[in-house]
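In what follows, a single structure is set out as structure tokens and then discussed.
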Amino acid sequence: MAQWAMLLVLVLGLLFGPSTSTPMLSEKVGGYQVNVEDDGLGQVSLTSGAATVWSSTLTPVSVYLLAASFEGHDGMFKVKEDPNCVLVASPFVAKTVQTSETGGVIVSGPLVPVIGCTANSLGSSYQIRFELDEEMGSDMVSIVVSAVNTKAANYTCQPLTSGTEPSACLVRMHVASDPSDAVFGFGTQYSVLDMKGRRVPILVTEQGVGRGLEPLTELLNIFSNGEGGNWHTTYGPIPHYITSSMQSLFLNQTDYAVFDLTNPKEITVSVLAPTITAFAVNGTTPAEHVQRYTLFAGRMQPLPDWILSGPIVGYYGGTNAVLAMQKRLLAAGINATGFWLQDWTGLRNTTFGERLWWNWQVDPAHYPQWDQMCSSLLEQGTRVLTYVNPYLANTYPAPPGSKNLFQQAADQGYLVKDSTGNPYIDFSADPEFTFGTIDLSNPDANKWFRDVILRGNMLSHQHAGWMSDFGEYLPFDANLSNGNAPSFHNAFPQEWARLNRESVESTEAVFFSRSSFSKSPKYSTLFWLGDQLVTWDAFDGLATVLMGRISSGLSGLSLSHSDTGGYTMIKKFGLEYLRSKELLVRWMEMTAVLDVIYRTHQGNLPEDSWQVYTDDSTLSCFKRSIALHKLFVPYRKVLMAKAASSGEPLVRSMWYNYPEIESLQSIFTQGMVGTDFLFAPVLQPNTTTVSVTFPTGEWHSVWDSSHVVTVTAASKTITVEAPIGMPAIFYVDGSSFGKAIEASIPTVTNIPCAL
């Protein structure tokens, strides 16, 4: 109903508003101009010379006074909104434009009650404040949209709290959009590249299992608390986009938000807060926009050399099993850079499969002589990496001899609390798999977790790095030591990364994060894409890996990788999704080219899935892909240095490098590594060819020096052979790194790989 009211106001404004021949109101903010067309009655715009950096629709602001709440748990949440009063900026009353005391520009005007409002809603207004921010430099302008004196009956424009009072305020900024624009970004997105026509929530959640793959998704959504997810559920939603016409906007806040791009002429930015705090970015290329955005988000730093080449083998089973696997790998000519041992804390069986004890202490029965094992492996050039998350299991008995860290944290008030003041008990996948959450809003809790667990139980016992998992579960009705759960929920991932970063400072330890938000790149040493299903599809399978890398890189997540082979396997509802040998080998190829480190994962049902060590032929394919991955290390090191200085991603879409070629905008089945290499993975089973679109130039296959593709038009699409072990990889003419890989490719092709 509110949408119809808004539409009515807009239509009346278009029909009876003044002509565009009337004068324009204009004020300067730095080197920019803030304009309001039609003598204050038209669109608001921010321009730099002839370029429009940002512009509103005819009605730039609307405000909703509403009852709002979040439902869900286990990392899956939905918002419920019940509007009480809707107010919109009037298209009939001229906006005022004035300079602020800080040299900015303020555009303001009345808000008109449209639906459900009361007499005390009269007198409501809005402000749009444009300011330069010294820290952000001259290439960005702060845009702050606020509701002023806005109320209706018992509702006021206030933030949503974690208490029982549902009264809240949602502010909308209506941004004009070219109907022909493509819109990219929004953090780690797995299934859609161009978001035009979509509605994108900014809410940190689990990724989901299936995410549209049927019937799996529907069954999980019905019977497992929405666990199936959908196309936009993600660990890393970031409120940031770049358009194909080189306009870019991001939010500087962690409140729940929605970017609605379903109207081809508008991007509606809704934030569940009394104020929208955004930045409009001025740039002419995708690279410029990313460089400027990462001044805000932070830039990832190069990884230490030890982790860049050679595999990190995901394994489990205890000391004897790990040492036996080391012998087997060495016998096959594979020297592992590391073993990644999730089960260092001990294992427990659940309905979801084997899972870990979340008590962050070594299980001495499972891993006897832990320190000796780590030292022995290190003498052979192999380090040990492990696993941690911000939760503490409250279920006992835990492994014998372990301390009850949940109780220690609870006694000191270091856990998130429920409405009664007791530790908030949540669960993951299985209602019997319960835990408490460390309160990252509490500096003392952070210090305790850092000193007791990350440094005391891990770094001091030769953990060379770890998976820094989760970060998506903070309940919206939780009570924190500092702050408000609804606004801290999206901030939790970056605070979790900050805690990990503080723990590894001045060491060569590397942690890799799953969840993320706007400023995570400032803190995380590395990301990984999460828990892909062991399928081929673009819902939740292999095809989402490239998409996730492309989209997340636009928002500063420049260093990333995936679980080689995928993670999630299902034996449920009469369905089976288990990892096949062919999928694993094709995933190895993807890892070899795209991933900054090479890490495997045994998955949640390891005994039912194909592993890199299942048979000798798979081990040979593994060895071959490791050799291919190693050839890219010199180029990755150059790209990492570039990422640290400019924020540019290592893995890019075709559009990122060739924005002037419109035909490349929608391509998501191939990508580029830096500027030099074009990669088109095989994303279908039983397939030995791929369709590859080449931009203008001369492209050389790394596998065959005689295979050269010359493109004189804007782009050209051909079919390329891609047998097992030889994915489609081309380098641009003149690349010294491409020539070096081509010259060394026999070190790869001499290693056999066949299914």
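The shown structure was predicted, so the numbers you read here are calculated from the model rather than taken from an experiment.
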Spatial distance of atom CD (E288) from atom CG (D139) [nearest 0.5 Å]:
7.5 Å

Exam field: side chain S552 to backbone G187, donor-acceptor pair closer than 3.5 Å:
no

Short question: side chain of T294, backbone of Q291 - any donor-acceptor pair under 3.5 Å?
yes

To the nearest 0.5 Å, how far apart are NZ in K519 and OG in S555?
14.5 Å

Between H489 and F77, is the ring centre distance below 6.0 Å?
yes

After noting the C-alpha distance and the side-chain angles of Q253 and I276, does the key distance pass the side chain to side chain contact (heavy atoms under 4.5 Å, CB included) rule?
CA-CA 8 Å; Q253 59 197 118; I276 296 176; 4.0 Å; yes

Between W358 and F470, does the ring centroid distance fall short of 6.0 Å?
yes

Could you give the distance from NE2 (H73) to CZ (F427), rounded to the nearest 0.5 Å?
4.0 Å

Side chains of Q207 and Y235: donor-acceptor distance under 3.5 Å anywhere?
yes

Testing S376, C374, P368 for side-chain contact (heavy atoms from CB on, under 4.5 Å) with T319, which one passes?
P368

Within the side chain of D74, is there an N or O that forms a donor-acceptor pair under 3.5 Å with the backbone of M76?
no

Pair M467, D563 - check side chain to side chain contact (heavy atoms under 4.5 Å, CB included), show working.
CA-CA 11 Å; M467 173 182 281; D563 290 332; 4.2 Å; yes

Donor on one side chain, acceptor on other, S248 and R292, under 3.5 Å:
no

Would you check if the distance from the ring center of F184 to the ring center of Y656 is below 6.0 Å?
no

Quick one: does S646's side chain have a donor or acceptor within less than 3.5 Å of a partner on A643's backbone?
no

Verify the neighbour count for atom NZ of K637: are there more than 12 heavy atoms of other residues, nucleotides or ligands below 6.0 Å?
no

Check whether the side chains of T434 and N394 place a donor and an acceptor atom closer than 3.5 Å, and report yes or no.
yes

Which label fits F435 and Y473: parallel for a plane angle under 30°, tilted from 30 to 60°, or perpendicular past 60°?
tilted

Y387 and W360 aromatic ring geometry - parallel, tilted or perpendicular at 30°/60° bounds:
tilted

Cut-off 3.5 Å, side chains only: do S562 and Q532 have a donor facing an acceptor?
no

Taking the ring of F622 and the ring of Y598, is the distance between their centroids below 6.0 Å?
yes

Taking C-beta and beyond as the side chain, do D426 and P475 meet within less than 4.5 Å on heavy atoms?
yes

Y367 and side-chain hydrogen bond (donor to acceptor under 3.5 Å, both in side chains): which partner among N320, T345, D343?
D343

Side chains of M140 and V281: closer than 4.5 Å at any heavy-atom pair?
yes

Side chains of residues 406-413: which donor-acceptor partners sit under 3.5 Å, not counting sequence neighbours?
| residue | atom | partner | partner atom | Å |
| --- | --- | --- | --- | --- |
| Q407 | NE2 | D411 | OD1 | 2.9 |
| Q412 | NE2 | Q408 | O | 3.2 |

Whether the side chain of D363 engages the backbone of W344 through a donor-acceptor N/O pair (distance < 3.5 Å, no angle test) should be reported.
no

Do other residues, nucleotides or ligands put more than 12 heavy atoms under 6.0 Å from the CD atom of E505?
yes

Say you draw a straight line from CD1 of I438 to CG of N446; how long is it, rounded to the nearest 0.5 Å?
7.5 Å

Do side-chain atoms of S551 reach the backbone of Q189 as a donor and acceptor pair under 3.5 angstrom?
yes

Under 6.0 Å between ring centres: does that hold for W496 and F449?
yes

Checking side chain to side chain contact (heavy atoms under 4.5 Å, CB included) for the pair V322/L377: CA distance, chi angles, key distance, verdict?
CA-CA 9 Å; V322 172; L377 290 170; 4.1 Å; yes

Only residue of W528, W340, F512, W587 satisfying ring-ring contact (aromatic ring centres under 6.0 Å, His included) with H601 is W340

All salt bridge (charged side-chain N to carboxylate O under 4.0 Å, His left out) counterparts of R383, not counting sequence neighbours
none

How many angstroms lie between atom CZ of F677 and atom CZ of R652, to the nearest 0.5 angstrom?
12.5 Å

Can a side-chain donor-acceptor contact be found between D439 and S481 if the only test is distance below 3.5 angstrom?
no

Find out whether M590 and F679 are in side-chain contact, i.e. whether some heavy atom of one side chain is under 4.5 Å from a heavy atom of the other.
yes

Would you call the rings of Y613 and Y315 parallel, tilted or perpendicular if under 30° counts as parallel and over 60° as perpendicular?
perpendicular

Could you check Y256 against F476 for ring-ring contact (aromatic ring centres under 6.0 Å, His included), going step by step and ending with a plain yes or no?
CA-CA 11 Å; Y256 171 71; F476 286 83; 7.9 Å; no

Take F186 and H232, measure what ring-ring contact (aromatic ring centres under 6.0 Å, His included) needs, and give me the verdict at the end.
CA-CA 10 Å; F186 299 109; H232 59 68; over 10 Å; no

Is there a donor-acceptor pair under 3.5 Å between the side chain of T382 and the backbone N or O of A336?
yes

For Q361 and K403, work out which heavy atoms get closest and say how close.
OE1-N, 2.6 Å

Is the backbone N or O of V673 less than 3.5 Å from a side-chain atom of R636, with the two atoms forming a donor-acceptor pair by type?
no

Report the C-alpha distance between Q462 and S375 in whole Å, list the side-chain angles of each, state the deciding distance to 0.1 Å, and finish with yes or no for side chain to side chain contact (heavy atoms under 4.5 Å, CB included).
CA-CA 8 Å; Q462 303 186 65; S375 297; 3.1 Å; yes

Tightest non-hydrogen contact, residues W357 and L347, listed as NE1-O, 3.4 Å

For the residue pair L329 and F339, establish whether any side-chain heavy-atom pair is separated by less than 4.5 Å.
yes

Check for a donor-acceptor pair, side chain of T564 on one end and backbone N or O of R599 on the other, with a separation under 3.5 Å.
yes

Would you tell me whether W466 and N500 have side-chain atoms, one donor and one acceptor, within less than 3.5 Å of each other?
yes

Has N335 got more than 12 heavy atoms of other residues, nucleotides or ligands less than 6.0 Å from its CG?
yes

Please evaluate residues E206 and R514 with respect to the criterion salt bridge (charged side-chain N to carboxylate O under 4.0 Å, His left out), reporting the C-alpha separation (whole Å), side-chain torsions for both, the decisive distance (0.1 Å), and the verdict.
CA-CA 10 Å; E206 279 273 6; R514 181 176 82 169; 3.4 Å; yes

Test your reading of the model: is there a side-chain donor-acceptor pair from H561 to the backbone of F527, 3.5 Å cut-off?
yes

